[in-house]
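Because the structure is a prediction, the values reported are computed rather than measured. We use all heavy atoms of the structure for the numbers below, so side chains are in, but hydrogens, waters and symmetry mates are not.
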Amino acid sequence: MVWEALGSAALGFALALVAARRFPARLPDRRLVLATGPVAALVGGLISHTVLGPGHLVVTWCVALGFSTALLSLLLRDDTPRRRQWRQDALRTAPAPAPAGAGAGFAQHSGFGQDAGRGQAPSLRRQGRGRPSASYGPR
C-alpha cells in the first residue's frame, strides 16, 4: 500500500511537472498545478486500491495517472488570452413578455391598486403563462 501511494504521488507530480512546462500560459499558478497532480493521483490510487484490492500495482498506477490527467485537464484554459466574461442569467437577459392588457400601468398587474381596497391580499405571482423554469419542470 505504501509503494502504491508513493508511486501514485510520484506519477502525479511528474505529470504535473510536464504539464506545467508544456502549457505554462494555459494553466493557472504553477504551485496549484504541482499540488493538484499528486493529490489527484493519490485519490485515484486510493480508489483503485479500494476497488481492486492489493496486488494490482500497475493497474492502480494507471488509474492514478488517469485521475491526475483528468483533474489537471480541468485546470486548462483557452489558448487566447482574453478577459473573462461572466455568464449572465439566461432568464433575465430577455425582456419579459407583455401580459394581456399591457399599458394599463403598475397598479393593475401588481395587485396593489384595485384589489387592496377589497380586503384581498395582493397577488405576488404573475397572472397568465410565464416563461418556463430553467429546468423546464413544473413551477
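- Grouped with Met1 in one hydrophobic cluster are Leu46, the linkage being side-chain heavy-atom contacts under 4.5 Å among Ile, Leu, Val, Met, Phe, Trp and Tyr residues.
- The hydrophobic cluster of Val58 has no other members, since no ILVMFWY side-chain heavy atom comes under 4.5 Å of it.
- In this structure, Leu42 CG and Phe67 CZ are separated by 12.0 Å, a value rounded to the nearest 0.5 Å.
- Rounded to the nearest 0.5 angstrom, Glu4 CD and Leu52 CG are separated by 9.0 Å.
- Contact detail for Pro38 and Ala9: the closest heavy-atom pair is CB-O, 3.8 Å.
- Screening residues 30-56 for salt bridge (Lys or Arg N to Asp or Glu O under 4.0 Å) gives Asp29-Arg31 as the qualifying pairs, with residues at least two apart or on separate chains.
- Side-chain N or O atoms of Ser68 include none that pairs as donor or acceptor with a backbone N or O of Ala40 at under 3.5 Å.
- Closest heavy-atom contact between Gly12 and Ala41: CA-CB, 3.7 Å.
- Hydrophobic cluster membership of Phe13, counting Ile, Leu, Val, Met, Phe, Trp and Tyr whose side-chain heavy atoms lie under 4.5 Å apart directly or via other members: Leu17, Leu34.
- The CG atom of Leu74 sits 11.0 Å away from the OG1 atom of Thr69 when rounded to the nearest 0.5 Å.
- Residue Leu72 shares its hydrophobic cluster (ILVMFWY side chains chained together at separations under 4.5 Å) with Leu11, Leu15, Phe23, Leu27, Leu32, Val33, Leu57, Trp61, Leu65, Leu75, Leu76.
- Taking all atoms of both residues into account, the shortest heavy-atom contact from Ala64 to Gly45 is CB-N, 3.8 Å.
- Applying the salt bridge (Lys or Arg N to Asp or Glu O under 4.0 Å) definition to pairs two or more places apart or across chains, those involving residues 11-28 are Arg26-Asp79.
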